[in-house]
Amino acid sequence: MDKFKKIICLAILPSLLLVACSQEVEEIPEPRDPEVEEASQPSETEERLMDEFRELAKDEPAPDLLIEWIDQNIEKLSADSANELVETLRQSLELHIPIYEEELNQSNFQEELLLIDSLSENFGESKLDEIENQELRKLVDYLYKNNYRLVNLEGAFYPVVDYEELEDYAPYLTDEFKEYLAIKSLESTKRSMADGALIVDFEELAKRILQEEDYLNIASSNERKTDILEDYEYKVNAYLKGLPNTPIREDSNNQIKDEVLASYQQIASQDYEISQVLADYLERIEANNQKIDDNLLAEADDLIKNVMQTFTD
């Protein structure tokens, strides 16, 4: 190559490099922020899914339709949205109880159920095949597959929400809702009381009262809090005053029962709202020579109002 051609090439080369570099720069895409992209896309999906669910729920369909939708979609949603799904289902289950009660009370359904399993607290799902009436078998099968169970109350079976089954949704929910389901599941599995009597002992009743108080301290103002608050008051009444078939005093001399006194003393030493009430109650019992008379039971009503007021103010 002669000297003139070399000069031309050297003059042209920088221009070519500049053009090439310019083209490369234009082809480089803008840097991505994966976190922003991932946050925006699920948000759009979540909004669409929640709109779809609310549209389904507005007509108050049977629980099985809600359950089917929730099982297919809950893992795609945030904990707050999952709360809404399960709360809607919970309300639907409670709302439909009178409908299924009426169906269970038709024909000779109760008689057949009692012949099969009259002594159990809950009708055994394993006994489903023993039901001869096909209509009744279909109904009971539907109830057990859709978060209900049948409980034996005063010689008849009634449908109640099986909160133990609802706990399957716990991994998708907020801590508050998980604790709510844990409390309800405990009662669903083993009731505290029935037919005017305690089913659990006083120690277990006290434990459940404290568990519910822990929940009330973290719960926001909503239907779940109201539900637990009502149950808490019912339990505190039974704990401080006894029940018709489970008194807290001896029939012969009104002396407080030993197990009740021991439980009061143990709970009074802890740091709960009910503890302060029990400390006061114990002073009154001691001043009354360890006797629970009708006057003291009347005073217990004021103590119960005091403890309830701490959660309603």
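Side-chain atoms are counted along with the backbone in the values below, which use heavy atoms only and exclude waters and symmetry mates.
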Student: Between D175 and K178, is any pair of side-chain heavy atoms under 4.5 Å apart?
Tutor: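 A side-chain contact exists here, since the closest heavy-atom pair is under 4.5 Å.
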Student: Quick one: do K235 and E187 make a salt bridge, cutoff under 4.0 Å?
Tutor: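 The answer is yes: the pair qualifies as a salt bridge.
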Student: Is there side-chain contact between P159 and L104, with at least one heavy-atom pair below 4.5 Å?
Tutor: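 Contact flag for P159/L104 side chains = yes.
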Student: Do R90 and Y180 pair up side chain to side chain, a donor and an acceptor below 3.5 Å, judged on atom types alone?
Tutor: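 A donor-acceptor contact under 3.5 Å links the two side chains.
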Student: With a 4.0 Å cut-off, would you call E44 and R48 a salt bridge?
Tutor: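 So E44 does not pair with R48 through a salt bridge.
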Student: Applying ring-ring contact (aromatic ring centres under 6.0 Å, His included), which residue pairs with at least one partner in residues 50-85 are found, sequence neighbours left out?
Tutor: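 Qualifying pairs: F53-W69.
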Student: Not counting sequence neighbours, which residues clear side-chain hydrogen bond (donor to acceptor under 3.5 Å, both in side chains) with E101? List them please.
Tutor: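 E101 satisfies side-chain hydrogen bond (donor to acceptor under 3.5 Å, both in side chains) with no residue once adjacent residues are dropped.
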Student: Sequence neighbours left out, what pairs pass ring-ring contact (aromatic ring centres under 6.0 Å, His included) with at least one residue falling in residues 74-102?
Tutor: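 Sorted result for residues 74-102: Y100-Y142, Y100-Y148.
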Student: Taking side-chain hydrogen bond (donor to acceptor under 3.5 Å, both in side chains) as the definition, give me every residue that meets it alongside E283, ordered by chain and number, with sequence neighbours left out.
Tutor: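 Listed in chain order: nothing, the list is empty.
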Student: Step by step, would you call Q106 with E102 a side chain to side chain donor-acceptor pair (under 3.5 Å)?
Tutor: CA-CA 7 Å; Q106 68 180 343; E102 186 176 349; over 6 Å; no
Student: Pairs in or reaching into residues 243-266: which pass ring-ring contact (aromatic ring centres under 6.0 Å, His included), with residues at least two apart or in two chains?
Tutor: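 Checked against ring-ring contact (aromatic ring centres under 6.0 Å, His included) - neighbours excluded - the pairs reaching residues 243-266 are Y239-Y264, Y264-Y281.
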Student: Evaluate the side-chain proximity of D214 to Q211: yes if any heavy-atom separation is below 4.5 Å, no if none is.
Tutor: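 The answer is no, as the side chains (C-beta and beyond) never meet within the 4.5 Å cut-off.
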Student: According to side-chain hydrogen bond (donor to acceptor under 3.5 Å, both in side chains), who are the partners of Y172, at least two apart in sequence or on a separate chain?
Tutor: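 Not a single residue meets the side-chain hydrogen bond (donor to acceptor under 3.5 Å, both in side chains) criterion with Y172.
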Student: Within the structure provided, determine whether N245 and L243 are in side-chain contact (heavy-atom separation under 4.5 Å).
Tutor: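 No, too far: nothing below the 4.5 Å cut-off.
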Student: For R249 and I292, work out which heavy atoms get closest and say how close.
Tutor: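 Result for this residue pair: NH1-O, 2.7 Å.
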